[in-house]
Amino acid sequence: MSTIYMDHNATTPTDPRVVEAMLPYFAEKYGNPSSPYSMSQDTKRAIEWARETVAGALSCEPRAIVFTGGGSESDNIAIKGTALRRLGERGHVITSRIEHHAVLHTCEYLRDRLGFDVTFVGVDPSGIVDPAEIEEACRPDTTLITVMHANNEVGVIEPVEEIGRIARDRGIPFHTDAVQSVGKVRVDVGALGVDLLALSAHKFYGPKGVGALYVRPGITLDPLTHGGSHEWGMRAGTENVAGIVGLAKALELAVSGIEAEQERLRSLTERLEEGILRRIPDTSINGGRALRIPGTTNVAFHYVEGESVILALDMEGVAASTGSACTTDNAEPSHVLSAMGVETNVAQGSVRFGLGRHNTEDEVDRVVEILPAIVERLREMSPLYRRTGRSR
Ligand SMILES: Cc1ncc(COP(=O)(O)O)c(C=O)c1O
């Protein structure tokens, strides 16, 4: 039984064309890009090509691209790197309550260990940050605003352009975590009005452990890693040449034909949502009314545990994940769904489907076909459901 993979927000398979582009940079073209001899010209040029390609995809200067070890590292460099420049003065950071932990925990670190003030702005029931609340939160000592472009759990796209205008008007640096949007929707850093933007290759069919940070020229960051002058002193360490080439190749492929793929994924997602809502009573789509990245849907199966749905789907060869980041010992509902005001037991019954490049209508139909029996079986065992008097 081959797996029906519907967890593309977690990671994607590396495209074979990407692997092919990376291969020469292991055993064949292995020169250190910083070395002076001609053998290293190949790797140096490969990095230049990658920088130009990524810059082209984001509509910026190659000089603005810093290669990193992934999305989490890009977020950390952006947030801590800005804060560290103002360490003596402390400062204030504004973020949202629905950020990925790479941003949330970094902001909490600034607050708990470095004495920064942090304002966590809420979202409406659709998962959208209100730019007016960001504006209200701005203070003379605000060091940074960081609000994500698209949410990883519900796929909701945030009003980054408006927040960018507010930040620009006040001269406050603005970072966005675009790990879930780059490669799925067009991202133009100038149009978004951001100073810093994080992306990660493994979310768009590139390799894991490599990412990039856009740093608008004029913005200065303190490095987190000290050493050589790689990446203009912002990220010391010999470059992951194969990974960087893989990232650029993957982005080039994702961006070419992005509109057609968006259409395809939107229609597949609609088919999945429509099938689930039609066939299974007491279901809803978290963030369903908002503008979302194509391919992501977060479905609440009321009166069941999302974890149990995931396990049952897994037995049927379907890979999806919960909207709630629970562990067995700690059944905390997802911080994203809680911030959206989703009731705890509904949040705990939520499942994220992340559709991607290889999913087909047949796969969607198969999932729609097997889900009703799974949910019905779990509901029969649910005391919560029995109490509704709806069980047979
Ligand atoms: C929104 C968002 N930000 C950051 C990350 C972290 O990226 P990476 O896995 O490359 O460290 C993820 C990964 O799930 C994400 O979805």
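Every number for a ligand or one of its atoms is a count from 1 in the order of the listing. Values reported hereafter were calculated over all heavy atoms of this structure, with side chains retained and with hydrogens, waters and symmetry mates removed. Source: prediction; values computed, not measured.
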For [atom], what's the nearest protein heavy atom and its distance?
atom	result
atom 3 (N) of ligand 1	D177 OD2, 2.6 Å
atom 6 (C) of ligand 1	S72 OG, 3.4 Å
atom 15 (C) of ligand 1	H100 CD2, 3.2 Å
atom 9 (O) of ligand 1	H202 NE2, 3.0 Å

Practice prompt. State whether a side-chain donor-acceptor pair under 3.5 Å links E273 with T297.
Written response: yes
Practice prompt. Give the contacting part of K203 toward ligand 1: side chain, backbone, both or neither, where contact means a heavy-atom distance below 4.0 Å.
Written response: side chain
Worksheet item: Looking only at heavy atoms, is any part of V103 under 4.0 Å from ligand 1, and if so is it the side chain, the backbone, or both, or is it neither?
Response: neither
Can [X] be said to sit on top of [Y]'s aromatic six-ring, NZ or CZ under 6.0 Å from centre and within 45° of the ring axis?
X	Y	result
R379	Y385	yes
R357	Y205	yes
K184	F204	no

Against heavy atoms of [X], which atoms of ligand 1 measure under 4.0 Å?
X	result
G70	10 (O)
G71	7 (O), 8 (P), 10 (O), 11 (O)
S200	8 (P), 10 (O)

Discussion item. Just to be sure I'm reading this right: ignoring hydrogens, which of Q180, E153, M148 gets closest to atom 16 (O) of ligand 1? Compare them by their nearest heavy atoms.
Written reply: Q180
Practice prompt. Only pairs at least two apart or in different chains count here, so list each side-chain hydrogen bond (donor to acceptor under 3.5 Å, both in side chains) that has a residue in residues 16-33.
Written response: D15-R17
Worksheet item: Looking at CG of L144 and NE2 of H92, how far apart are the two atoms once the value is rounded to the nearest 0.5 Å?
Response: 10.5 Å
Discussion item. Quick check against the 3.5 Å criterion: does S96 have a side-chain atom that pairs as donor or acceptor with the backbone of I98?
Written reply: yes
